[in-house]
There are 2 protein chains.
Amino acid sequence: MVTIYDIAKKANVSAMTVSRVINNKGRISEKTRNKVKRIMEELNYVPNEMARSLVLRETQVLFLLVTDITNPFFTTLARGAEDAANKLGYRLLFGNSDESLEKEREYVDTILKSRVDGVLLAPAGDGSLPHLESLRAHGVPFVLLDREVPGIGSDVVLGDSREGTRMLMEHMIALGHKEIALVNGSPEVSSARLRATAYKEALKLNDLAAPPERILELSYAPRSSLARIGEWLDGLHPLPTAILCGNNMMAIQTIQAIRKKGLRVPEDISVCCFDDLGPVGEIDPFLTVAAQQAYQFGYKGMQLLIGRIADKENDGGDDAWTRVLLPAELVVRRSVADLR
Amino acid sequence: MVTIYDIAKKANVSAMTVSRVINNKGRISEKTRNKVKRIMEELNYVPNEMARSLVLRETQVLFLLVTDITNPFFTTLARGAEDAANKLGYRLLFGNSDESLEKEREYVDTILKSRVDGVLLAPAGDGSLPHLESLRAHGVPFVLLDREVPGIGSDVVLGDSREGTRMLMEHMIALGHKEIALVNGSPEVSSARLRATAYKEALKLNDLAAPPERILELSYAPRSSLARIGEWLDGLHPLPTAILCGNNMMAIQTIQAIRKKGLRVPEDISVCCFDDLGPVGEIDPFLTVAAQQAYQFGYKGMQLLIGRIADKENDGGDDAWTRVLLPAELVVRRSVADLR
DNA sequence: AATAAATGAGTTACCGATAACTCCAAATTA
DNA sequence: TAATTTGGAGTTATCGGTAACTCATTTATT
């Protein structure tokens, strides 16, 4: 490995001079600067960021931890975060916790050990509290995405779960649906709680029955719930005419479960959900959704995070926490039948 | 920040003793070991990986660079790579080059600077050669995924583009299609070249015409080609009865372009492509594809990479390059019309 | 012309860990 | 009993950079 000392020796200067050339700091004559630069190219020098970060105590690296890398909501969010990070001069690394507190814990440990400058994360659930406390205790700034965690304050970018749910519910009710079920994420997750509450509110407001068995609570975790949704449906009498799903991945599995029973969507049961489906969903614009601004989640979250880091460095930063609430948009397609 | 020196002082031992406890190396009495461990917990100590890596000259970190993080092929691949890396004790970081040589160059520079132990990458194209040469020159092991780059040898995991294309072509031809067009990735990309060649072979083998204007070459880059596909279609007389697409994202855009002209898939024009669509595609199993084993690309690639790293450390490793060819599977759905 | 200021660079210490070597005392062996 | 071995640590140098200070020349100022 070529180091600044190798360069220094060959250029007949001190290592410090090389360092100054690299960082464009301090006073260097044009002649020396060019000589050093030439030799750096000659030797194919690449700075060792680890040595640099060790002494500077900052890495210029940020971390994005999502709960499902195969969910288009999160990949779009990731692109937003990436764009913002690059624009603001940071490098961005991704991790995927798969909705698992255990994997999240491992990633948090990695983050702490690697002295990343800040973290953008969608927490796996309320059980993420100790992980966030770790980050806080070690002075690592973080911004939460999509979900809050009770017990700890922080900047956060949220979707408007309440209003989004209301829109979906009103849509279904307006089309004549009265028996509406809910397939939701775990109540461990703040967004799922808000959606459940708004779901019940909407039923009550419209004088509709809300038998508790019509709510199924599952993990948001991908690829795991098909069978359980099927069993739950088997136990429902009468079947609901429509099902609201807590997110896009659950809606997909719900549709599959319905079809497995030989029923059709939306003719037999309607389905709608939170979050859009990304490019793949465009092939067949079928699912009615409350689309969230996934890209903005990442972009705004990254801006908040980098703002925090700057505050911290300027020793300011005793601001209150910022809370960004992104509106959802009702996108009506064909998965909810008109019963009127 | 708590360091081993803080621990050492409080435990009345030397820093080296603390280091030994952390790494379970050398001889330590149970008594000292426990004392040190207790104090580490008390002070909430987290090792500084950067300092550690600096002296050890290895990071235990691997990098996965894909060309489109919103493509389900790559997110599934990423999960495979992640699983393999975790199983084998490495941490994995992701990057997204967006099919851009420039972004790829930036990521490669980041990789070099951060002294990652190895890289798994889908190169943006033949223009990636200098990037790979950089990695090679700096002794960073890498494994290519999905695409080869002429001019440099390496381990590589490829899909069987030739056979996959053949299967798709035979399928269309068997259903009576004679005017088959190709919307392909850039000839800068090895997989696109193979697919183009196999496409022409299949036409010739079946005595079908192959007018050059029936081939459209675009970037695989996402979200950019809709308009150009539309214009290209406008210039084709007669319209093809079927279009083979170089990958799933292009197929989506092709379908959209066809519909924008007021035509239907598959009634007016059939479409099929390489790569499946992931969970979102399950909502409406519509697109006929040559499904590649995305997860295996990541999993096998990671195994190869870690194997290389081990070879390098054991000073062995003058093996020839390994070349894994993963078969594609024809998944017939509804996007190709039966003309018979 | 004498003094002050600016320029261009070198020295030294340190960031937080580990390797390699040293050292002492207790246990083992001849 | 003297000579070895071994268990349990400590010392020092080093990884590859940067901050802060120092110092010798030039150049500008009065």
Side-chain angles (χ1 to χ4, degrees), chain A residues 1-37 39-40 43-61 109-110 112-117 138-140 313, chain B residues 1-37 39-40 43-61 109-110 112-117 138-140 313:
Chain A
M1 261 317 72
V2 179
T3 74
I4 52 169
Y5 295 96
D6 302 324
I7 313 271
K9 192 181 296 176
K10 196 151 183 184
N12 266 316
V13 296
S14 73
M16 203 52 223
T17 300
V18 177
S19 171
R20 285 186 182 114
V21 170
I22 294 171
N23 298 293
N24 256 316
K25 265 188 180 172
R27 316 174 184 294
I28 303 277
S29 70
E30 270 313 297
K31 214 175 99 189
T32 336
R33 180 187 309 281
N34 290 333
K35 184 170 57 177
V36 170
K37 279 195 170 168
I39 294 181
M40 288 194 335
L43 298 188
N44 228 312
Y45 171 73
V46 176
N48 186 326
E49 277 293 331
M50 290 163 36
R52 182 159 203 272
S53 301
L54 184 56
V55 50
L56 291 185
R57 295 142 161 287
E58 63 169 47
T59 54
Q60 298 282 94
V61 172
D109 287 340
T110 295
L112 290 174
K113 284 195 276 194
S114 60
R115 301 300 195 263
V116 151
D117 287 352
H138 288 278
V140 182
E313 281 170 2
Chain B
M1 257 326 64
V2 180
T3 72
I4 51 169
Y5 296 96
D6 302 324
I7 313 270
K9 192 181 294 173
K10 197 152 184 187
N12 265 316
V13 295
S14 74
M16 204 50 224
T17 301
V18 178
S19 171
R20 285 185 181 115
V21 171
I22 295 171
N23 297 292
N24 257 315
K25 267 188 179 173
R27 315 173 183 293
I28 304 276
S29 70
E30 270 313 297
K31 214 175 99 187
T32 345
R33 180 189 308 280
N34 289 331
K35 184 170 58 175
V36 169
K37 279 196 169 167
I39 295 181
M40 289 194 336
L43 298 188
N44 228 313
Y45 170 74
V46 175
N48 186 324
E49 278 293 333
M50 289 162 37
R52 182 159 203 275
S53 301
L54 184 56
V55 49
L56 291 184
R57 295 143 161 287
E58 64 169 45
T59 54
Q60 297 282 96
V61 172
D109 286 341
T110 294
L112 290 175
K113 284 195 277 196
S114 60
R115 301 300 195 261
V116 152
D117 287 352
H138 288 276
V140 182
E313 280 169 2

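Scope of the values below: all heavy atoms of this structure, side chains included, with no hydrogens, waters or symmetry mates.
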Exercise for the section: Measure from CG on B:L56 to P on D:dT14 and round the result to the nearest Å. Expected result: 17 Å

Handout entry: For DNA chain D, the residues among residues 28-36 of chain B that have a non-hydrogen atom under 4.0 Å from it
Key = B:I28, B:S29, B:T32

Practice task
Enumerate the residues from residues 9-17 of chain A whose closest heavy atom to DNA chain D is under 4.0 Å, giving them by residue number; use none for an empty result.
Solution key: A:M16

Practice task
Specify the separation, in whole Å, of atom CD1 of B:I22 and atom P of C:dA17.
Solution key: 7 Å

Exercise for the section: Would you indicate whether the side-chain heavy atoms of A:E49 and A:T59 approach each other to under 4.5 Å? Expected result: no

Practice task
Please state whether the phosphate of C:dT18, meaning OP1 or OP2, lies under 4.0 angstrom from any side-chain nitrogen or oxygen of B:N23.
Solution key: yes

Exercise for the section: Measure the shortest side-chain to side-chain distance between B:N44 and A:H138 over non-hydrogen atoms and say whether it is less than 4.5 angstrom. Expected result: yes

Completion exercise
Value for CE (A:M1) from OH (A:Y45), rounded to nearest 0.5 Å, stands at 10.5 Å

Problem - Length of the line joining B:K113:NZ and D:dC15:P, which is rounded to integer Å - result: 22 Å

Exercise for the section: Give the rounded distance in Å between these two atoms: CG of B:L54 and P of C:dC14. Expected result: 17 Å

Practice task
Check whether any side-chain N or O of B:R57 sits under 4.0 Å from OP1 or OP2 of D:dG16, and answer yes or no.
Solution key: yes

Handout entry: Between D:dC15 (P) and A:N48 (CG): distance, integer Å
Key = 12 Å

Fill in the blank from the handout: Closest to the side chain of A:M1, out of C:dA19, D:dG16, D:dG8, is D:dG16

Handout entry: Side-chain touch A:V46/A:V2, heavy atoms, less than 4.5 angstrom
Key = no

Handout entry: Under-3.5 Å donor-acceptor pair between B:R20 side chain and D:dG10 base
Key = yes

Practice task
Look at A:R52 and D:dT18 and indicate whether a side-chain polar atom (N or O) is within less than 4.0 Å of OP1 or OP2.
Solution key: yes

Problem - Sub-4.5 Å side-chain heavy-atom contact between B:R52 and B:M50 - result: no

Completion exercise
Only one of A:I7, A:V36, A:I39 passes side chain to side chain contact (heavy atoms under 4.5 Å, CB included) with A:V21, and that residue is A:V36

Handout entry: Donor-acceptor under 3.5 Å (B:T32 side chain, B:I28 main chain)
Key = no

Practice task
May I ask you to decide if A:A11's main-chain N or O and A:K35's side chain share a donor-acceptor pair within less than 3.5 Å?
Solution key: yes

Completion exercise
When rounded to the nearest 0.5 Å, the distance separating CZ of A:R20 from NZ of A:K25 is 10.5 Å

Problem - Short side-chain N/O contact from B:S19 to OP1 or OP2 of C:dA17, under 4.0 Å - result: no

Exercise for the section: Using whole Å, report how far CE of A:M50 lies from C1' of D:dG17. Expected result: 11 Å

Problem - Separation of C:dT18 P from B:N24 CG (nearest whole Å) - result: 12 Å

Exercise for the section: Check step by step if side-chain hydrogen bond (donor to acceptor under 3.5 Å, both in side chains) holds for B:N48 and A:R57. Expected result: CA-CA 11 Å; B:N48 186 324; A:R57 295 142 161 287; over 6 Å; no

Practice task
With heavy atoms under 4.0 Å as the rule, sort B:I4 into base, sugar-phosphate or nothing.
Solution key: base

Problem - Short side-chain N/O contact from B:Y45 to OP1 or OP2 of C:dG16, under 4.0 Å - result: no

Completion exercise
Atom CZ of B:R27 and atom P of D:dA9 are separated, to the nearest Å, by 12 Å

Problem - base_contact_polar (C:dG16 base, B:Y5 side chain, donor-acceptor, <3.5 Å) - result: no

